[in-house]
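A, B, ... follow the sequence lines: proteins, then strands. Residue 1 opens every chain.
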Number of protein chains: 2
Amino acid sequence: MIDINEILNAKDYCHQFVKKDFAKGETITSYIEKRKQIFIMLSGEAALIRYDEKGNKDIVDFFREGSVFGEAFYNVYLNSELSVVATKKCSCLSIMYDDIVRKCDPRCKYHEELTSTLINLLFENTTHLNSRIEVISKRTIREKLHIYLETLSIESYSNKVTIPFSLTDLADFLSVNRSAMMRELKALEDDRIIQKVGKNTYRLLYR
Amino acid sequence: MIDINEILNAKDYCHQFVKKDFAKGETITSYIEKRKQIFIMLSGEAALIRYDEKGNKDIVDFFREGSVFGEAFYNVYLNSELSVVATKKCSCLSIMYDDIVRKCDPRCKYHEELTSTLINLLFENTTHLNSRIEVISKRTIREKLHIYLETLSIESYSNKVTIPFSLTDLADFLSVNRSAMMRELKALEDDRIIQKVGKNTYRLLYR
DNA sequence: ACAAAATTGTTGCTTTTGCAACAATTATTA
DNA sequence: TAATAATTGTTGCAAAAGCAACAATTTTGT
């Protein structure tokens, strides 16, 4: 697994890494221009939120421990505004892209650890994004729910899964209409494919 | 921009990188188990294809120069089979994950270059995946087409854009029904938002 | 502990999308 | 270059999803 402490150790030697804490509700960063800023979530949770012209908010992504985010990974030329807002108290490490490759000091051996840690994080992140595409590219809400729950189940080695956020947010995450999703969740229950066993917790009946 | 030659130079010193050429139609790799194999596309084009139970094929992703792919980025536990198939003659570099971080030889200074090149590639790749999610998470086919064409337009600094693959493949890429997409493409023309100016080439009329 | 806010649950109606089938056009290759 | 395959274009109908509105329940903040 990823050892974020390596990066924190590096921080003691390099002044190029800035650790910052945020309270719930605070804006961590806004994607305004394609600067080369990278954030690594050390603890807590945040959401990437889009505000469109009419002021409607829409959740684009969720970040948690180990997530990598920032303008550096986004084509920010599209008109709507993207902001990362802490959904729980959280702490992030901010690094400028150029500081990753360029060594601060020939003696700084922590840069090496940083790069391998970062590669690990980027690998995990890529896998996560591929899974997400896998889910949202399904054609029907039923299939999206099904593969989403199945993935949760496999990851937790259990046929009992708890959706890690509200159903309202899940609808956003799957990019479907919430009430249509509720309807389909009900249909999956009626068809004995899943069984509700608690708030936002379901048992998959076919495995 | 990414300099893939750095990796090729490294190859002269490390025996851990394998360059391989593939003819059109050849299978480059199949995602069977989560081994830690990584591929970097040096030239040419390939597609990640899923074959479901019924033998239907479905294009999951497209790879081109600079694309990073492989089992290492996929949760391969889902039942359907994923294969990367060359859509044009192409050449790929294959690396095992463990060989990236672990140096082959203390004198091998190319490993350092490899890591920074790989970080660059992973950055570009992450941006690409985020853009893709941006597109397919739109609720309607019209919006998907719109943002997809707009992104192409911005990337090419032109309001005249050519879709880089067939419309059949585009429907797969946007994960929508092809005929529904054709209908919507027509509607965008009728509404004077786009104008067809050649095979798979459109002019965006609103910029 | 209570009021306010957020989330979950539900429904009827409308719009969009998928599906299937087929014709027309363009590419491929023997 | 002829025939074969692939892609593009089009349509009617069925299924799915979106939307809006509201009630019920749970959570949150003071």
To the nearest Å, how far apart are [X] [atom1] and [N] [atom2]?
X	N	atom1	atom2	result
B:E143	D:dA17	CD	P	17 Å
A:N177	C:dG12	CG	C1'	14 Å
B:M181	C:dT16	CE	P	18 Å
B:K138	C:dT16	NZ	C1'	17 Å
A:E189	C:dT10	CD	C1'	14 Å
A:K186	D:dA16	NZ	P	17 Å
A:E184	C:dT10	CD	C1'	14 Å
B:D172	D:dT8	CG	C1'	15 Å

Quiz item: Taking N and O atoms by type only, does the side chain of B:R142 place a donor or acceptor under 3.5 Å from a partner on the base of D:dG18?
Solution: no
Practice problem: Check whether the side chain of A:R178 and the base of D:dG18 form a donor-acceptor pair under 3.5 Å. | Solution: no
Practice problem: With the side chain of A:L167 defined as its heavy atoms from C-beta on, choose the nearest nucleotide among C:dT8, D:dA16, D:dT7. | Solution: C:dT8
Practice problem: Side chain of A:M182 only, please: which of C:dT17, D:dG18, C:dT10 is the nearest? | Solution: C:dT10
Quiz item: More 5' along DNA chain C: A:N200 or A:R183, using each one's nearest nucleotide?
Solution: A:N200
Quiz prompt | 5'-most by nearest nucleotide on DNA chain C - A:R139 or B:K24 | solution = A:R139
Self-check item: Along DNA chain D (nearest heavy atom to each residue), the more 5'-positioned of A:I141 and A:K199
Solution: A:I141
Exercise. Using the closest heavy atom to pick a nucleotide of DNA chain D for each, name whichever of A:S179 or B:A180 lands nearer the 5' end.
Key: B:A180
Quiz item: With respect to the phosphate group of D:dT8, does any side-chain polar atom (N or O) of B:T168 fall under 4.0 Å of OP1 or OP2?
Solution: yes
Quiz item: Salt bridge or not for B:R64 and B:E45, using N-O below 4.0 Å?
Solution: no
Exercise. For A:K196, report the nucleic acid contact type (base, sugar-phosphate, nothing); a contact means any heavy atom under 4.0 Å.
Key: sugar-phosphate
Quiz item: Does A:R132 make a cation-pi contact with A:F173, if we ask for NZ or CZ under 6.0 Å from the ring centre and within 45° of the axis?
Solution: yes
Quiz prompt | Approximate separation, where rounding is to 0.5 Å, of A:I49 CD1 and A:D61 CG | solution = 11.0 Å
Practice problem: Please work out which of the three classes, parallel, tilted or perpendicular, describes the rings of B:F165 and B:F62, given edges at 30° and 60°. | Solution: parallel
Practice problem: For the pair B:Y74 and B:Y31, name the ring-plane relationship: parallel under 30°, tilted 30 to 60°, perpendicular over 60°. | Solution: tilted
